[in-house]
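In what follows, a structure is listed as structure tokens, so that the remarks can point back to it.
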Amino acid sequence: MSSHDLDIARRRLAAAQRVTVLTGAGVSAESGVPTFRGAGGLWENHRPEDLATPQAFARDPALVWRWYQWRRGLIAQCRPNPAHVALAGLERNKPRCTLITQNVDGLHRQAGSRDPLEIHGDIWRLRCLGCGRVWLSRDLGLPERPACPQCGGLARPDVVWFGEALDSAFLEKAWQAARLADYMLVAGTSALVQPAAGLAAVAKEAGAFVVEVNLEPTPNSAWVDVSLFGKAGDILPRLLEAL
Ligand code: BJW
Ligand code: ZN
């Protein structure tokens with residue numbers, strides 16, 4: 001990463017009024033949460049369609065729950081890293097800042113972000129397929145077919161799987177934040193999964209200055225204003241320290 005690029009990204013941020021941030025799994029990687037794609041990613045050993053689809057859950061809920069329980073156990077050991085902490089600080093310095101995350105691990109909230117838009121859900125929430133009840137449980141010893149305390153129906157993780165619609169209120173807020181942003185920061189996402197992947201382009205078309213932070217080039221790299229290549233836990237604190 002050139003210090004010139006970092007400098008430009010910093011100066012534009014200092015001048016920005018409305019800042020929108022989109023984060024992905026790379027932001028939690030340094031906390032020890034596995035990413036999905038790439039070396040060591042979750043999809044290296046599993047096919048997404050076997051685990052992260054409603055069809056997979058209908059076919060074999062116990063298999064899907066074993067995978068989620070394993071991930072919940074991993075995430076329970078993880079703490080926010082300097083990237084999460086820096087983004088929580090950004091929110092305090094820029095009152096009109098919206099944090100959108102694809103992550104389901106809850107680490108932004110743990111770091112002090114007040115109201116992140118968790119557009120892919122929350123791995124600590126369960127949802128009943130019978131009555132729709134949603135509840136929080138950090139239980140790491142859930143049975144393989146957890147039951148709803150209200151109606152006894154089968155519960156699923158309250159996350160968004162492939163082929164499922166995102167919560168429309170969240171999505172509307174996210175589009176709005178992208179459209180209104182004068183500065184958009186996209187960190188630690190492969191920018192492959194829709195509709196989240198389209199948010200940065202919406203911001204750009206509406207006139208925002210767009211900065212990406214990633215270990216490697218993404219489909220956005222060709223058109224963003226600045227790409228900062230490196231670890232989110234190194235770069236975000238440096239980008240945000242001057243505020
Ligand atoms: C670092 C780093 C460090 C590492 N520092 N960087 C064809 C074309 C277009 C769309 C589709 C299509 N076929 C199917 C679709 C739709 C599909 C989709 O987009 N598929 C694509 C893969 C092709 N999308 C959907 O199905 C969505 N729903 C939908 O479209 O609904 C339509 C609808 C409307 C109305 C009614 C019904 C339906 C839903 C998508 C849900 C995604 N769900 C998951 C699982 C969530 C639950 C869980 O966690 O178990 O969300 S999949 C997974 O991918 C997860 C993530 O949030 C998401 C994005 O991943 P992310 O965050 O980008 O992580 P990685 O691993 O991909 O990348 C990490 C990045 O970090 C890398 O770039 C690294 O380099 C970098 N990095 N360490 C900085 N230290
Ligand atoms: Zn129920």
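Quantities reported herein were computed from a predicted structural model and do not represent experimental measurements. All ligand and atom numbering here is 1-based and tracks the order in the structure.
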For [X], atoms of ligand 1 separated by under 4.0 Å from a heavy atom:
{"X": "Val159", "value": "47 (C)"}
{"X": "Gly24", "value": "62 (O)"}
{"X": "Ala29", "value": "78 (N)"}
{"X": "Glu216", "value": "75 (O)"}
{"X": "Lys231", "value": "5 (N)"}
{"X": "Gly230", "value": "5 (N), 79 (C)"}
{"X": "Trp161", "value": "39 (C), 41 (C)"}
{"X": "Gly188", "value": "6 (N), 69 (C), 70 (C), 71 (O)"}

Note to self: Can you tell me which portion of Glu30 lies within the under-4.0 Å heavy-atom range of ligand 1? Options are side chain, backbone, both, or neither.
What the structure shows: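 Answer for Glu30: side chain.
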Among protein heavy atoms, which sits nearest to atom 18 (C) of ligand 1, and what does the distance come to when rounded to 0.1 Å?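 Checking every protein heavy atom, the shortest distance to atom 18 (C) of ligand 1 gives Gln194 N, 3.9 Å.
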among protein heavy atoms, the one nearest atom 60 (O) of ligand 1 is Arg37 NH1, 3.2 Å
Could you check which of [options] puts a non-hydrogen atom nearest to [atom]?
{"atom": "atom 61 (P) of ligand 1", "options": "Thr189, Leu166, Val186, Leu42", "value": "Thr189"}
{"atom": "atom 52 (S) of ligand 1", "options": "Tyr68, Phe229, Phe162, Trp67", "value": "Phe162"}
{"atom": "atom 46 (C) of ligand 1", "options": "Val160, Val33, Ile235, Leu236", "value": "Val160"}
{"atom": "atom 75 (O) of ligand 1", "options": "Val64, Leu215, Asn214, Asn103", "value": "Asn214"}
{"atom": "atom 3 (C) of ligand 1", "options": "Ser28, Pro219, Gly26", "value": "Gly26"}

Could you say whether the N/O atoms of [X] and ligand 1 ever approach to under 3.5 Å?
{"X": "Pro195", "answer": "no"}
{"X": "Arg71", "answer": "yes"}
{"X": "Gly163", "answer": "yes"}
{"X": "Phe36", "answer": "yes"}
{"X": "Thr218", "answer": "no"}
{"X": "Glu164", "answer": "yes"}
{"X": "Ala232", "answer": "yes"}

Heavy-atom nearest pair, Ala191 first then Asn220, reads CB-ND2, 3.6 Å
Practice task
Using atom types as modelled and distance alone, determine if a side-chain donor or acceptor of Thr101 lies under 3.5 Å from a backbone N or O of Glu118.
Solution key: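 Not at all, since once roles are kept as given, no pair shorter than 3.5 Å links the two residues.
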Has Arg79 got a side-chain atom pairing as donor or acceptor with Ala76's backbone, closer than 3.5 angstrom?
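Present.
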*Would you please classify the geometry between the Phe36 ring and the Trp43 ring as parallel, tilted or perpendicular, with 30° and 60° separating the classes?*
tilted
Protein N/O/S atoms closer than 2.8 Å to the Zn ion (ligand 2) number 4
Using a 4.5 Å side-chain heavy-atom cut-off and chaining through intermediate ILVMFWY residues, the residues clustered with Phe229 come out as none
